[in-house]
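Just so we're on the same page: letters track the sequence lines, and every chain starts at 1.
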Amino acid sequence: MTSRIEILNAGGYRSDGRRQFELRTIEIDFSPHGSNSDGSATISHGLTQVSVSVFGPREAKMRSQTFHDRANINIELNIAPFSAGERRKRGRGDKRVLELVQTLKSTFEPVIQMSLYPRSQIDIYVQVLQQDGGLLQACINATTLALANAGIPLFDLVCAVTGGVHSTSPLLDLTQLEENDLPNVTIAVMPRSGKMALVSMETRLHVDRFEEIFRLAGEASTVIHGEIKRAVKETTANLVDAMQPGKSSAGTNAENEY
Amino acid sequence: MSDFKMIAFTSFPQYQETFKTPVFEEDGDEMDLDENGFLESDELKLAWPGESLTSAQAYMRGHGTYVDNDEVIASVAGVVERVNKLITVRPVRTRYNPEVGDLVVGRITEVQARRWKVEANSRQEAVLMLSSVNLPGGVQRRKLESDELQMRMFFEEGDLLVAEVQAFFGDGTMSLHTRSLSYGKLRNGQLITVPPNLVRRLKSHFISLPCGVDLILGLNGYIWISKHVKENEREGEEGFDAEAVYSNRNDNIDDSTRIAISRVANIISVLASYSVPLTDTILLEAYEWSVEQEGDPKDLLQDHVGETLVTTVTARG
């Protein structure tokens, strides 16, 4: 079955007007959506929008879940019924949701410095508001931002990006339309060390194509990292600035840079 | 608050054949890593997770950093601080990190054997031992079995209290005490929560505003705003009145005091939403300004009024 829309037309443009290696617009917002969350972030990759609230480290609700030498990470993910083109309500036990939660957990467990908070719990609530491809990528990036916003010690800012391949030409940051038709892979990188936090592929991909996409996605993640870093930096500078009125601080400098 | 948006349109013009592991590129604005120049200037240095600060050979790592590959690397977003050879990063936003001697406001969550569990915005719940509270019938006396049985007479689940951090247990849990007449159960007022870093250490965390309102600025970001209690009407040392100290009933609070309390509460929540550190002088100025405007306390929560308040107060301060 082939889609009626050309994935990549003769002029080298994709269905949404992007070039092959072009990423979608990234928007980052740190405004708190709850009244009392410790950290929060909303990220949009084009039309995909995910919002994350972080609570903690705090006392665990269930004592049986705690570890004596490290924090317990609890992730809950909810996909809004209106987020996709076709309205669909997913329950708590939905396989897709459980799998996403498990993937997020295994991505962030090595990144959060959990040993600093024994017997505590860090709650991460992920809310998917809009879906247009690259759901896992948006979830990971939003969680990184919310954790950084909550002041939870991280080894690095994890950045995720999706790559796919159309016949022989690789594409980056796929939309839902492209994701349905193309073999794709999501990777999450720890940019400082260059280590992979996650490589996830749910489709079949020719082994000769894998390396190319993998490398390309690795490069794209540095661009995402730039955006994430810039957002964290700006919000930090603003907060530091507000804390000391009258003093000219690094905040003004950081803003002038861009 | 700190909301902002940004838009970036990024593209890859050409695909490079040679691929290196994605290492984050150093910008021109990176911190001066020069041996002598490191953190010498007055300017505040900011860091974020994964940001390399300096060599681990020359410097020691403190809180908010970790060492990897002979480099000191920040693990939180915040301000870099240096004391001699010790590098720390103080996060801009975080939960309360307790220190011995801190004054905190907390809420009882659980009554256990010979202890209460207290929620105090920390990473774990604090512990208040039965032996660390004042008991009726004399400040200094042994705890009896009967005291253990009637612990709910003193503090119940949901009660608010003001206490001091006494010590830490092995796992970092803090232990509180209320063995002073200024500490104990709270009533006649309301609680406001702000980010803990907005409450600076002050000479006294008990503030009496001239409008007939008492404030307790807990270092954990919990602030208690209550009706002013006259010095001579406080439950005295001699006649330590357990009924009064552990009472669950509010006194009569007249309308003007109620309005003053809500005015102070709204001022604090407005200042906190603009991340203005709270001190007695700023609160007093803000209160005077707000009374001058002749509006209801609820007007303060409107965006433009709040903004004017913050600009007026910070400009004067």
Supply the atom-to-atom distance Arg123(B) CZ to Ser120(A) OG, rounded to the nearest 0.5 angstrom. 6.5 Å

How about His63(B): does its NE2 atom have over 12 heavy atoms from other parts shown lying under 6.0 Å from it? no

Test: Arg93(B) and Asp38(A) ion pair at under 4.0 Å: no

Could you report the tightest heavy-atom contact between Leu46(B) and Lys233(A), atom names first, then the distance? CD1-O, 4.5 Å

Residues in side chain to side chain contact (heavy atoms under 4.5 Å, CB included) with Arg58(A), at least two apart? Phe55(A), Lys61(A), Asp123(A), Tyr125(A), Arg95(B)

Using side-chain heavy atoms (C-beta onward) and a distance below 4.5 Å, is Leu157(A) in contact with Pro49(B)? yes

Given a strict heavy-atom distance threshold of 4.5 Å, which part of Arg90(B) is in contact with chain A: side chain, backbone, both, or neither? neither

Which heavy-atom pair separates Asp156(A) from Gly50(B) by the least distance, and what is that distance? OD1-CA, 3.8 Å

Leu198(B) side chain reached by Met243(A) side chain, heavy atoms, under 4.5 Å: yes

Answer yes or no: is there a side-chain heavy-atom contact under 4.5 Å between Ser75(B) and Leu154(A)? no

Toward chain B, the part of Ile122(A) with a non-hydrogen atom under 4.5 Å: neither

Apply side chain to side chain contact (heavy atoms under 4.5 Å, CB included) to Ala41(A) and list each qualifying residue two or more places apart in sequence or on a separate chain. Phe30(A), Leu145(A), Ala146(A)

Given heavy-atom pairs under 4.5 angstrom as the criterion, report whether the side chain, backbone, both or neither of Ser122(B) touches chain A. backbone

Within a 6.0 Å radius of atom OH on Tyr13(A), are there more than 12 heavy atoms belonging to other residues, nucleotides or ligands? no

Using modelled atom types and a 3.5 Å cut-off, is there a donor and acceptor pairing between side-chain atoms of Glu59(A) and backbone atoms of Glu125(B)? yes

Which one wins on heavy-atom pair count under 4.5 Å against chain A: Thr94(B), Ile73(B), Val89(B), Val79(B)? Ile73(B)

Side-chain heavy atoms of Asp68(B) within contact of Arg192(A), under 4.5 Å: yes

Decide yes or no for Val240(A) and Leu44(B): does some side-chain heavy atom of the first lie under 4.5 Å from some side-chain heavy atom of the second? yes

Assess whether atom CG of Asp303(B) is packed by more than 12 heavy atoms of other residues, nucleotides or ligands within 6.0 Å. no

Whatever's closer than 4.5 Å to a heavy atom in chain B on Ile152(A) counts as backbone

